[in-house]
Structure formats: C-alpha cells, structure tokens
Amino acid sequence: MNGKIGTTQAAMLVVTTVLPTAIVILPQIIGEYVEQDSVIAIIPPTLAGLGIAFVIGSVIRFSNGAPFLDWIREKSSPVISVLLGLLLLLFYLDTSSTILREFVNFVKDNVLLKTPVAVIATLILLISIYMVRKGIEVMARVNSLVILLFLFFVPLYLSGLWGEMNIHRLLPLFDHSAASLLLASLTPSTWMSEVAVLLFLAPYLRSPQKARLIGYLGLLFVSLMMLFSIITILMVLGPQYIKLTTYPGFSAASIIQIGRFIENLDVLFISYWVMAIYLKFAIFLFATVECFKQTFRVSSSRPFIAALGLVIVMECLYTWKDQAELNLYNKEGRFLVFILFNAILPLAVLLVVKLRRSRHKRKECET
Amino acid sequence: MNKKSSAQGPGQDAPTHSVPAPQPLSVSLEANVQEISKRIGESSDVVFRHFTNESLSSSPLAFIYIDGLVNSEMVNQTVLQPLMETVVPKIPDITATDAYNLVKDQMLPIGSVKEGKTLESLLGMLFDGYTLILFNGMTTALAADTAGWEKRSINEPTSQGVIRGPKEGFTENLRTGTAMLRRRLKTSDLRIEEYKIGERTQTGVALVYLEGIASAEVLKEIRRRLNAIQTDSILESNYIEEFIQDGGLTPFPTIQNTERPDALAGGILEGQVGIIIDGTPFALLAPSTFFNFFQSSEDYYQRYDISSFLRLIRYSAFFVSMLLPALYIAVTTFHQEMLPTTLLVSLAAQREGVPFPALAEALLMELTFDVLREAGVRMPRTIGPAISIVGALVLGQSAVQAGLVSAAMVIVVSFTAISNFVIPSLAIANSIRLIRFIMMLIAATLGLFGIMSFLMVLLIHMAGLRSFGVPYLSPVAPMTPRYLKDIFIRVPLWDMTIRPKTNLGKETRRQGKHQKPEPAKKLQKPEGENTP
C-alpha cells in the first residue's frame, strides 16, 4: 500500500505538518509578546526552520532515503539505534497526543460543546488510523487536494475582509525590544522544527536527494501563509484584540459577511481546517508508527497502528486533561523538547557521520 | 440465475472447474444424431432432417438447426436447396470424404462455414444459430452460419439521451454493437477479442480497444480477470462488471457503462478498453476514474464554454445531492448561528408545528422520495400520471399543510432529488443515494464536524481506490496539471492536443499542433498546406 511520493507531494505534506495548528495557535502566542511586530517575529523562526530543514535534508541525503533508525543501526550499533528509537518514539507519542488534544479541545470549544471528549478523540483517532492504514501515498494525494482547496478559501477570506482592513493597525513597526522578539519567535520555531518528520517519511520519498528542497519549499510556503494570516488578522482585529481571542484567525473569519444574508463564515473555515488537521494528526501518527516499526524492527506495522493509537488517545485524555497545562507546555516546555529531538539530535547524527567520513578519508589518504 | 461459483474473485488464475472431456463424433451418422438429440432432449424447436442426395452419396445426410435462431429463408436457399438439388453430375464411386469436401468447397453459398469435430463444439455452434450438416462415415461435420433471430432494431438510447449528437444506441446484439463501433473507428488498430463466459449462458463478450493506445498492462489485467470468471450465467453487463471491477466493497463504480456507441468510441479513443456483452445494450468502459462519470458525450458536441459550465454544474449537483439534507440537519440542529436572523426566524416559524426532529423529518421525506422513484420505475406506463399527482400533491403540499413536514424540508428534498438526476452517470448517482443517508445520520449526531470527518473518510477511500491500476482520483490526486483540460472544464477541442494517459502507457498526440482556427495570414508557416 505504501508507494513512493513525489517531491511536490512531500513538500505539501511538510506544509500540512506545520501549518494547520500553527495558523490557529501561533498568532495569539506571538501577539502576546510583540503585538503588531508579529510580522517580524515570523522571520527568525523561518530562518531557524530552514536551518533545521538543511540538517534533516542532509541526514536524508547521507542515508539516501534509508529508514533512519536502520541506517543508524548500520552505521553505529543496534543499542544506539534502539535507544534513539525509544526516545524518538516517546517524543512522537507525546507530540501526537498534544496534537490530538489541541484538535479535540478546538472541536469541543467551537463545534460540539456537549459531546464528551473521549468520543471526539476516539472518532478522530479512528479516522486517522484508517488514513494511516491506507498508506502515505493516499495521504499525500488527499493532502494535495486539501491544499488545493486553499485556493478557494484565500480569495473568499480576502474579499470578505477587504472592507474591514486597516493598514494603520500594522504600525508602529519595531516597537518591541529584541528580547521580546526573541521570546516571541521561540514557540514558532518549535512549529517550524516539525519539518523533522521528514526523517520518517524519507523511505517513501521518490527522490530522497531532494529532501532539503522539500523542507525549504514546505517551510517557505508555511511562512508565507503565516505572514499572510498574521498581517490580515492584525489589519482586521488590531494587536490588542488578538491577545484576547483564543483563535484569532477564526474570529477574523467570523466577521466576513457576504451581502446581508451570509454571515458567520467561521464555520466554513473551521470545516476546512478540520480536514487539514486530520491530515496533520495522521502524518504524526504515521511517523509514530514508522518510528515504532524501525525501532522494534517489525516487518509489518499494520497490527500496531491501533495499539499506538490507543496509547496516544490515553495520553491525550489523561495527561493533557487540563488545557492550561497544554498551553503552558506549548509556550514553555515545547521549545526544549522540540529543539532537542528535531534539531539537536539530527544535527548530532549529522556531525558524527561527517566526522567519521572525514576520518575515513584521512585514513584512506594515509594508507 | 443461480451462480454456481460466484465467490471466485479475479485474483485467481486459470479456471479449475471440471469440464467433461469433449466427445468426438462417431463414424455413424445415426449414432451422432442420436447423441445430439439425447443431449438436447425433447426440444420442440430443434429441427432434425435426414435426406439423401444421389449425386453425393447413397448414404444419408442430416441437417440440424434450431428454429427461431436461424433465418429460415437463408437455410432454405443456401443450405437445403443446393444440397437437395442435384447440381453436380453423379460421381460413380464417391467416398464420404469426397462428398464432404465437395459440399464444403462448392455447394454452400454462404459466408461462414465451420468444421466441428466434437459434439460440444457442434452444439455450441447450433446454439449460435448455425445449421449443422452431418455426413455418414465422417468424424467431422459442417456448420453453416445461418444465424438470424428476431432482434430489436437500433433505437435511441433511453437512459442517456442528448440534444445534439448521434441518436442511435446499442442493441442487445453483440455483432450489431461491434459493427456500430467499427463504423465509427475505421482504423486497422481497432481490435475485437471475443470471449464466451458463463457455463450455461455461453454469453459472447467482446473486448474492444485500439492497439497502441490502450495500455498493455490494463489489457493484460482485464483479460486475466475475464478469464478468471467462473459462473454459470452472464445475463447483463453488470455481471461482468461485478466480477472484474476493483475496490471490492466500495460504493463508487470503477467501471463506466454506456448505451451509446459514440461514447464507447470516445472512451476507446482516450485509451480505455470497451467491453460489449451479448444480450444487453449496455457496454462497459474501463479503467474509469471518478471524473469520467461526470463527462457526457454531449460535452464534445456543443460549444466548450457551455460544456464547461455544465460540468461545473454537475460537480456542484453531486455535492448538493450528497450533502444538502445533511447540511440542513446540521445547520438547523447544531449551527443556527450560521444563518442570518431573518432566515433563521422564518425557518423556525415553519418548523414550529412540525412534531419531528429535523433528522426524522429528513429521513421520512428522503425515504418517501425513494419509494416514489422506485414506484415510478416499476409502474405500468398507463398509471404514470397518477404517481405524479400522489407525489406532488399528496406528499408535498398536503404534508406541509397538515404540519407533518416543513416546507423548507420539501424544498431541500426535491432539490436534492433533482440534483441527483443532473449527474450523467446513473452508476455514480446511485452510489451517493446511499451515502446521503449515512451523511444525514452523522450530521444529526456530530453536526458539521461529523460531515467533514465523513467527507475525509470518503476522500481517503477514493484516493486509495484504483481502477485497473489507475488511481481513481487521477489526474487531480495525484495531480498531473496538463491532463486537467478535460476534467473540471472542457477546453476547446483544438487545445486538447494530447491524449491523457490512463496508465503507464505513453501519452500520445491526438491532434496536430496549431489547430486553433486563425485568419489565413497568421498561418504563413513552412507546413502551411492547411491554409484555405
């Protein structure tokens, strides 16, 4: 079932890996620190993300699309690969459950106010398991369709809000200290670092040599969309109001009015967003399963998808019960964990490989 | 219509069922005739006739044919007459072999004469309308093609009408079907492969394709699946369709059917493979993607702008037909804030006296419509008008007046029903009739979120579906932008220069370059023979 995916499809998967939650959660987190300077605060995370994409892409180039942990096992020892695998598995289980929790919280807060959380979480999980079982090729196809739909929503959003926009709300620029800019860009960087999911998509890339390009393309598109979203939200709502709303993007969309008969379009945007976040969760579930498969060297991961899903849903239901805790984690804890697993770990692997290679070369020269 | 072995999927190779070994003819004419009449039994339509012709041989000969399957006039003129009249001078010591050759080579003024050595092959030909000629002392018999049974003449297709375009449709006759195709595709590349499928029905099935344009992999796969069919009867093309189509338990069709020879020819020209089945006017086209079901042959018979517009309408109708009742339920039960106040107030006022929740109301009306529709199909023509009165007045107007359903719901259900008929392919229109009910149930429990979730499931399902190796949603997902010229819109014919590849085969050019009609001056190019 798992065919190969092309470069554009993979770049689109990267977009879906980062964008759906970023576009909903980040404007408020950034806005809290730097208000109208949010526009500038996107630039450092983008650069950081591109750096991480470079590292990840290089690792994939070295391994030439071989499964990451198998490759490490080959290069070093089984012990290291299993240890790394366990750590990464923990990380991906954690991340998937936070994504699921964010999704569930959102649905609970906005759409299904009375439905029990467990029902929503299980439903989402079941659908995502179905998606993962169909394989990465099918996910990539659905993903490209969902991104295509974007072309329909952007003009609607823009034209609907045109009258509400006030460019003066973007001013004054550079009003905040470098320290707060840095603080504001920490959390977005963790989102950008999610490009590291490519490590586990690598075996399915048609041309793994282009992994860097995939990362760059995906992240640049994400940054552009983030810029677009933040600028429009700022122009419509103004910096002060953003801090008060949980989901500023949808608040802005709810202002859209077509004539005097269509209003409260946020439901439409939410519906669209639901499709995107399904994909995001499925991608992480896929990475988790892939990580599990490589760590424990199972030949077929299909029987384990549901089991891993169960772990994720349990963690989602019990560890992240408290939304404030999740917000705190997003704001403070997330950065360390994500940078450790998504940036430092691959970087260390890359450095070790490079060092060994140069030593090999030197030895060869000496002999 | 019992299927003796319907469980065999296309995954199996050579058929394994036990066929009795063919029985060769005996030397004795009488023994052969006895055996044939024993096999056929006391059937009144089988005509056995013994005769002798002195000029051929002193021993008797026999004809066997089935009345009703043969053209009697033809039998009389081309078989009986030449054989029973003495046309050659008497040859003194004529052997059975000489007589046989003489008859075969000189005395049968008829197009197709075959030889049969076994009882089974002879019986097969007998049921195809051949007249058998048996000789005493020979272990081979002759079969002359005298087929000519009563058949329906070519009529306008009833299920796929067009305003502009050819008005003839396939008939139940396989040969007429292949002939209609040949008349449209006068190229030596057209291939017609015939199969006999069904142990008891021996239904003729013709695989038609263009050599070099249809993908070899697809052809191989279709042949393999056709050969793997083990059933005792094929009565309609759907039998074949269910045996060979991919997807297993999918509500979506992965094979098209058409009653129109021009549509079949169009499909074949785009690289699809046609399957014409004897006994039904509906031919099949495979592989088919989701978007094929929204193309009508009329799209190419009228201007591209209106065709494109109609295409878009069809896609919207598809979504309306699938989603409208569900959306109505979701919006009125969960997301009232989406509606503007005035509309909401008017809806609320309408629903005030209605005793049912929105879901029950919608289910009731949808089921009623499906009952009406089924009744309309089954009912004798003469009672037709009665149903429209019952449907329109009693169930629509009176139900609203009685306060059983709201007027808005009647509008929703009727619009849904009408939208369903906009989709040119009945196969895909039917598939969403069931999905609509699931959608309604989900909308009533989980609202818009549920609808989106289920749409996601459908999307994943469709993205994973294949028709003979071709992804069901291609060329949209996976995306091939240059093949999108005939999907959501139809670009002018002169711009469709390449034939979209349906599988791993090569894409081929179907039109010359620079086909756009332009004033003569612009065409001053080296190969400018086209200039008027």
Quick one: which of B:Leu473, B:Val476, B:Leu446 has the most heavy-atom pairs under 4.5 Å with chain A, could you say?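 Most heavy-atom pairs under 4.5 Å with chain A: B:Leu446.
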Around atom [atom1] of [X], are there more than 12 heavy atoms of other residues, nucleotides or ligands at under 6.0 Å?
| X | atom1 | result |
| --- | --- | --- |
| B:Phe309 | CZ | no |
| B:Phe437 | CZ | yes |
| A:Tyr272 | OH | yes |

What part of B:Leu448 gets within 4.5 angstrom of chain A, counting heavy atoms only: side chain, backbone, both, or neither?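 Only the side chain of B:Leu448 comes within 4.5 Å of chain A.
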Working to the nearest 0.5 Å, report the span between CD1 of B:Ile460 and CG of A:Asn143. 11.5 Å
Could you tell me how the ring of A:Tyr278 sits relative to the ring of B:Phe449: parallel (under 30°), tilted (30 to 60°) or perpendicular (over 60°)?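 Answer is parallel, since the angle falls under 30°.
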Could you have a look at A:Ile120, A:Ile124, A:Val107, A:Thr115 and say which one has the most heavy-atom pairs with chain B under 4.5 angstrom?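 Top option by heavy-atom pairs under 4.5 Å: A:Val107.
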Could you go through the side chain to side chain contact (heavy atoms under 4.5 Å, CB included) check for B:Met462 and A:Val142 one step at a time? CA-CA 9 Å; B:Met462 283 161 77; A:Val142 174; over 6 Å; no
Answer with side chain, backbone, both or neither: which region of [X] has an atom nearer than 4.5 Å to a non-hydrogen atom of chain B?
| X | value |
| --- | --- |
| A:Ile270 | neither |
| A:Leu113 | neither |
| A:Leu123 | side chain |
| A:Ser271 | both |

Which atom names give the shortest non-hydrogen contact between B:Arg466 and A:Glu137, and what distance separates them?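 Closest approach of B:Arg466 to A:Glu137, heavy atoms only: NH2-OE2, 3.9 Å.
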Using side-chain heavy atoms (C-beta onward) and a distance below 4.5 Å, is B:Met479 in contact with A:Leu145? no
Hey, are the side chains of B:Val457 and A:Met131 touching, using non-hydrogen atoms and a 4.5 Å cut-off?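 They are not in side-chain contact.
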Before giving the answer on side chain to side chain contact (heavy atoms under 4.5 Å, CB included), spell out for A:Met275 and B:Leu459 the whole-Å C-alpha distance, their side-chain angles and the decisive distance to 0.1 Å. CA-CA 10 Å; A:Met275 296 180 104; B:Leu459 205 57; 4.0 Å; yes
